[in-house]
Amino acid sequence: MPSSSSAIASPNDLEAFFMPFTPNRAFKARPRLLSRAKDMHYYTPEGRGVLDATAGLWCANAGHNRDPIVEAIQNQAAEMDFAPPFQYGHPKAFAVAARIAALAPGDLDHVFLCNSGSEAGDSALKIALAYHATTGNATRTRLIGRERGYHGVGFGGISVGGMSPNRKMFGSLLPGVDHLPHTYNREKQAFSKGEPEWGAERADALENLVALHDASTIAAVIVEPMAGSTGAIPAPVGYLKRLREICDKYGILLIFDEVITGFGRLGYAFAAERYGVVPDMITFAKGVTSGAVPMGGVLVRKHIYDAFVKSDAPVIDLFHGYTYSAHPLACAASLATLDLYREEGLFERVRAIEPVWADAFHSLRSKPGVLDIRTVGLVGAIDFASREDGVGRRAYEGMERLFHDEGMLVRTAGDTFAVSPPLIVSESQMGEIVEKIGRTLDAIF
């Protein structure tokens, strides 16, 4: 008889699990199962290695099952499994908040902890609304996102998000939400390395929304420095600085969603540093623990924190939080992860290898069906022509081929491959990623 562990690794019945963001029947007809991981690779239940070109889900930035992170989680589980975050605290919660704040630019000195990027997005929006109410500007309730943006799957996040498949099934969502235009123009930006030169003027659309709604009604603008889930679209040169200027002009809070770009993906602890912009809040998750334990959070500037925390009276400052905020295992994992980033110089490493990565990835330009290639930091995206039977079907075929035939993971968005390997990727593994994508493009066209 098989052992219980092998039965779990190779389950006989896949039906019970209602899989997220997955075509369930198609997956269960030909599963792509992963049973263990180490460094740059996953392994199937049969023991076949699979090169991780996606850092899990944009999150395993330090690589998989790194010994210091594993040890920190094990030790914490043996010492204390849980501590209530309301009215009580534990030392690692304060230590990890201080470490994250020290990495952030400007006076982003305070950290609200939660469990995911989706919770971080909704938390930031609630903090923005509560901040304006607390400071006597209760008419500022309107929230502004951006077309093609992704800010998680809470009702706040999908309301300000701009990806129609994520929105259309869920009713009218939050009222009082508007959207900036997205920043992508293939005709003017195709095959860019780094930030495209065209597109900063797209930020001026915020002036039009101010004219339409009046600044006195607008609470916050939330954008990703690189729109990740829609296919890795970098911000144009000067775009984020222009948004900051307009927000300052009208007293609007500016939120950067750095759930994907945080913790080294673009060569810095936060993309805000790369672009020389200090937003009012930064949301983060994923790389903060290298994906080992769920954790997310919101960095807030000092004046926002001070607006809430202004009394010595035993009165709750913000009526918001989660049972598992600052979970001890997550805090232990994060502290060990931050140590790895520092000791191995992984953020700096991304800056050093970015040109090598860009040249390698752009070598796919000559492959059949390729419409555009984008690279920034340690991210690459390649758009290719759709099949006549529907958008996304060619990419799905390619993803299956890459897993089953080439032994590699990629992300798909429509007919786009998005690649974001762990920050420990070697130059030879970069070449392997490009070669496998190239062979797959040859096969699906």
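Counting begins at 1 with the first residue of the sequence.
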Among Val111, Ile304, Thr283, Asp109, find the residue that satisfies the side-chain contact (heavy atoms from CB on, under 4.5 Å) test when tested with Leu299.
Val111
Looking at Asn75, Ile73, Thr289, which one forms a side-chain contact (heavy atoms from CB on, under 4.5 Å) with Leu329?
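Considering Asn75, Ile73, Thr289, a side-chain contact (heavy atoms from CB on, under 4.5 Å) with Leu329 is found only for Ile73.
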From [atom1] ([X]) to [atom2] ([Y]), nearest 0.5 Å:
X: His41; Y: Asp52; atom1: NE2; atom2: CG; answer: 9.0 Å
X: Phe155; Y: Ser118; atom1: CZ; atom2: OG; answer: 12.0 Å
X: Phe417; Y: Lys436; atom1: CZ; atom2: NZ; answer: 13.5 Å
X: Ile222; Y: Met281; atom1: CD1; atom2: CE; answer: 8.5 Å
X: Ile144; Y: Ile255; atom1: CD1; atom2: CD1; answer: 11.0 Å
X: Glu406; Y: Thr440; atom1: CD; atom2: OG1; answer: 4.5 Å

Partners passing side chain to side chain contact (heavy atoms under 4.5 Å, CB included) against Phe403 (at least two apart in sequence or in another chain):
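By the side chain to side chain contact (heavy atoms under 4.5 Å, CB included) rule, Phe403 matches Arg32, Leu34, Thr44, Arg48, Val50, Leu409.
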Tell me every residue that passes side chain to side chain contact (heavy atoms under 4.5 Å, CB included) with Asp372, counting only those two or more places apart in sequence or in another chain.
Tyr184, Arg186, Ala190, Phe191, Arg374, Asp383
List, one per line, each side-chain donor-acceptor pair under 3.5 Å for residues 167-175, sequence neighbours excluded.
| from | atom 1 | to | atom 2 | distance (Å) |
| --- | --- | --- | --- | --- |
| Arg167 | NH1 | Ile158 | O | 2.9 |
| Arg167 | NH1 | Ser159 | O | 2.8 |
| Arg167 | NH1 | Gly161 | O | 3.0 |

By salt bridge (charged side-chain N to carboxylate O under 4.0 Å, His left out), which residues pair with [X], not counting sequence neighbours?
X: Asp122; value: none
X: Glu397; value: Arg387, Arg401
X: Lys241; value: none
X: Asp67; value: Lys38

Backbone N/O of [Y] and side chain of [X]: donor-acceptor pair under 3.5 Å:
X: His362; Y: Ser192; answer: yes
X: Gln429; Y: Val425; answer: no
X: Thr22; Y: Pro20; answer: yes
X: Arg301; Y: Gly106; answer: no
X: Glu258; Y: Ala271; answer: yes
X: Arg148; Y: Thr183; answer: no
X: Thr141; Y: Leu129; answer: no
X: Asn61; Y: Ser290; answer: no
X: Arg140; Y: His132; answer: no
X: Arg202; Y: His182; answer: yes

Residue [X] excluded, over 12 heavy atoms near [atom1] under 6.0 Å:
X: Tyr88; atom1: OH; answer: no
X: Glu427; atom1: CD; answer: no
X: Glu245; atom1: CD; answer: yes
X: Phe82; atom1: CZ; answer: yes

Considering only heavy atoms from C-beta outward, does the side chain of Pro105 approach that of Tyr268 to under 4.5 Å?
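Not touching, per the 4.5 Å side-chain cut-off.
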Pairwise side-chain contact, Leu240 with Val223, heavy-atom cut-off 4.5 Å (strictly under)
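Of all side-chain heavy-atom pairs linking Val223 with Leu240, at least one is under 4.5 Å.
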Which pairs, with at least one residue in residues 79-90 and sequence neighbours excluded, count as a salt bridge (Lys or Arg N to Asp or Glu O under 4.0 Å)?
Glu79-Lys92
Quick note, salt bridge (Lys or Arg N to Asp or Glu O under 4.0 Å) partners involving residues 322-347, not counting sequence neighbours, are Arg66-Glu344, Arg99-Asp339, Asp339-Arg342
List the steps and the verdict of side-chain contact (heavy atoms from CB on, under 4.5 Å) for Cys331 and Met295.
CA-CA 8 Å; Cys331 291; Met295 178 184 249; 3.7 Å; yes
Decide yes or no on side-chain contact (heavy atoms from CB on, under 4.5 Å) for Phe270 and Thr261, but give the supporting numbers first.
CA-CA 7 Å; Phe270 295 102; Thr261 56; over 6 Å; no
CA sep, side-chain torsions, deciding dist, call: Thr139, Asn137, side-chain hydrogen bond (donor to acceptor under 3.5 Å, both in side chains)
CA-CA 5 Å; Thr139 60; Asn137 295 292; 5.9 Å; no
Run the numbers on Leu180 and Glu147 for side-chain contact (heavy atoms from CB on, under 4.5 Å), then give the verdict.
CA-CA 6 Å; Leu180 297 167; Glu147 297 169 351; over 6 Å; no
Quick test of your reading of the model: are Asp359 and Lys193 salt-bridged, counting only N-O distances below 4.0 Å?
yes
Determine, for Asp280 against Arg244, whether the closest basic-nitrogen to carboxylate-oxygen distance falls under 4.0 angstrom.
yes
My understanding is that only residues two or more places apart in sequence, or in another chain, count here; which of them pass ring pair (Phe, Tyr, Trp, His ring centres under 6.0 Å) with Tyr341?
Phe347
Set of ring pair (Phe, Tyr, Trp, His ring centres under 6.0 Å) partners for His110, sequence neighbours left out:
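Once residues adjacent in sequence are excluded, the partners of His110 under the ring pair (Phe, Tyr, Trp, His ring centres under 6.0 Å) criterion are Tyr305.
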How are the rings of His327 and Tyr324 set relative to one another: parallel (under 30°), tilted (30 to 60°) or perpendicular (over 60°)?
tilted
Ser426 and Ser428: side-chain donor and acceptor closer than 3.5 Å?
yes
Under the side chain to side chain donor-acceptor pair (under 3.5 Å) test, which residues partner Glu354, sequence neighbours left out?
Arg274
Do Phe112 and Leu318 pass the side-chain contact (heavy atoms from CB on, under 4.5 Å) test, and can you show the C-alpha distance, the side-chain angles, and the key distance before you say yes or no?
CA-CA 11 Å; Phe112 183 92; Leu318 177 65; 4.1 Å; yes
